[in-house]
Structure formats: structure tokens, C-alpha cells
Amino acid sequence: MPSRRTVLGAIACTLVTGCSGLSDDPSTEEATATATPGPVVLSPVDAAAVPETATVGVLPETFGELEAATRDTSADVTDHRWAHVLRDFDCFAFEGTTYAVVERTSGSGGYVNEYSVSEVDDSGNESTVRVADLPDSDRREAIDAIEAGEHRYDSDVGGFDPNSSVYVHNGSYYVFSLAVHGDKPAEVTYAVESTNDDRCVTLEPLSLADAQVEALDATLRADEAATVTGEVARTLSASDVAFVLRDESCYELSPVDDTES
């Protein structure tokens, strides 16, 4: 038979909000509050295979760089490793606007010619051109080249472009002989441009502290699945993302399969 103290204690507990029963295990509530988040797996995937309806999480650093790139679409983002992943997406939605990483070509793919200039006794069978008859800018360049014994022509810059004629200056004959020809390859860079597409991968920021980012980087593997635990796993599990973008790699997020042996 319970004692009077026990009975009175039980009655008092029913009148006080939050009072545990006399027979409750006080460790139960504490264990619930401090439950360790379950681990998750991040598996590398080909960015081109990510569905256009997917939500992809980006780390704070990448998010900031994307903010800058979308504010200034003239910026060159080639050096950002994430640009090479986003290039594989047809488009992506970021803060309510859709964008795509596109290629831009700089330079004309022109050429540079370097000439040696030498005096000759006569014109031979070549036609002659009087330097004095050249347009003003070309005449100045031709005279400078004759005095220097060399000339450089850049197709992107323009200017005096010698031909096969013999040039006459102050009664003397001069020949411009091609010494070096160099093609100028066009340079391809990446930039972010807005698009009108409405079916794009959605990028969402991940709320990870610096220490969590360091822990994640220490765990990720570019060529194999990695199991993430602790607070990083909690944050990823609580986010509404199916994939994670980090540097030049994309990872699919999934729970640990407890059935695997």
C-alpha cells in the first residue's frame, strides 16, 4: 500500500504542468532532446544527370559568388570551379531568376605578322609603292619600320599591313620580308546570363557554419560515396535539397541504408 507521502506527491504532480510521473525515467526526455542526428550519404553524380526539377544545395561561399556573378553578368566566372558544374545544367534558378552559364569568345582569332625591312638596289619585277602616297597613319608606320628595320602588324589592331610591293622612300627601295606569322587563338570563357527558361535546377543556400564546411570538405570524396554525420548531417537532412554542389563536383544526398551489411 502506497504511503501518504507518495499519494500526496502524485496528486501534486497532476496539478503542476511539466511534472513527470513518479515512476517516469528522467533520462527519457533528456535522451530525446539530445538525440544524435542520423548520418547521410553524399554520392558523386554527373551534373548532366541531375533532373531539371531537382533542388541543389550550395555552400555559403558559393552562394556569395553566385550573388556577385548574377549582379554583374559581364563578369568572367571561368576560374570558379562551380561554373563548370553549372555549365552542365541547361539552366538554374537562383533567388527567383533563371540563369545559365554560357561560353563567351574573346579575341578575333586573328594573327600577328612580323617583318624584317631591308634596302634593295632596285625593284626587280615587283611593283613599287611610294611611301609618300600612303595614307597618313600608314605612311608614319612605314617610315618608322624603314628606320627600325622591322615591323609588326596585328590584325586585331590594324594599321600598316605591307604587301608584296617594293616601297620607295627618299629615292631608295625597301622590301618588307615576312619573318614570323602567328595565329591568335580565340579565348573561351564562362559567364552567367539570365534566361527565360522555366524548368531549371533550383539552387538553395545551405546554412553551414565555417567549421561545418571544413568537416564536410574533410569527408567528401570526388570519386566515391561519403557518409556524413553529426551537425552537418542534421543540417543536410533538414534542408529541402536532393543534391549538393561543392567546387567542381555534384553529390546526391540520401539516408544511410541500414539494411546494408
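To the nearest 0.5 Å, atom SG of residue C91 and atom OH of residue Y99 are 12.5 Å apart.
Within the 3.5 Å criterion, the main-chain N or O of S74 finds a donor-acceptor partner in the side chain of D72. Between the side chain of T97 and the backbone N or O of F94, no donor-acceptor pair lies under 3.5 Å.
For H169, there are no ring-ring contact (aromatic ring centres under 6.0 Å, His included) partners at least two apart in sequence or on another chain. Listed by chain and number, the residues in a ring-ring contact (aromatic ring centres under 6.0 Å, His included) with F160 are H151, Y167, F176 (sequence neighbours excluded). By the salt bridge (Lys or Arg N to Asp or Glu O under 4.0 Å) test, D90 pairs with no residue at all, sequence neighbours left out. Annotation: side-chain hydrogen bond (donor to acceptor under 3.5 Å, both in side chains) contacts of S172 (sequence neighbours excluded): E119. Applying the side-chain hydrogen bond (donor to acceptor under 3.5 Å, both in side chains) criterion to S43, with sequence neighbours excluded, gives no partner residue.
H181 approaches N113 most closely through the heavy-atom pair ND1-OD1, 2.6 Å. In plain terms, the two heavy atoms of V192 and A69 that are nearest each other are CG2-CB, 4.0 Å. P51 approaches V201 most closely through the heavy-atom pair O-CG2, 3.4 Å.
The number of heavy-atom neighbours closer than 6.0 Å to CG of D121, taken from other residues, nucleotides and ligands shown, is 12 or below. The local environment of CG in D240 is sparse, with at most 12 non-hydrogen atoms from other residues, nucleotides or ligands closer than 6.0 Å. For CG of D79, the number of neighbouring non-hydrogen atoms (other residues, nucleotides, ligands) closer than 6.0 Å is 12 at most.
For the pair L220 and V244, the minimum side-chain heavy-atom distance is 4.5 Å or more. In this structure the side chain of W82 reaches within 4.5 angstrom of the side chain of V77, judged on heavy atoms.
In summary, D144 and R140 engage in a salt bridge, as defined by a charged side-chain N under 4.0 Å from a carboxylate O. A salt bridge links R104 with E193: at least one charged nitrogen is closer than 4.0 Å to a carboxylate oxygen.
Judged as a side-chain hydrogen bond (donor to acceptor under 3.5 Å, both in side chains), the pairs with a partner in residues 122-135 (not counting sequence neighbours) are, in order, S127-S165, R130-D133.
Evaluated for a side-chain hydrogen bond (donor to acceptor under 3.5 Å, both in side chains) with T98, the options D197, D198, T195, T202 yield exactly one hit, T195.
The six-membered or imidazole ring of H84 lies near that of Y190, with a centre-to-centre distance under 6.0 Å.
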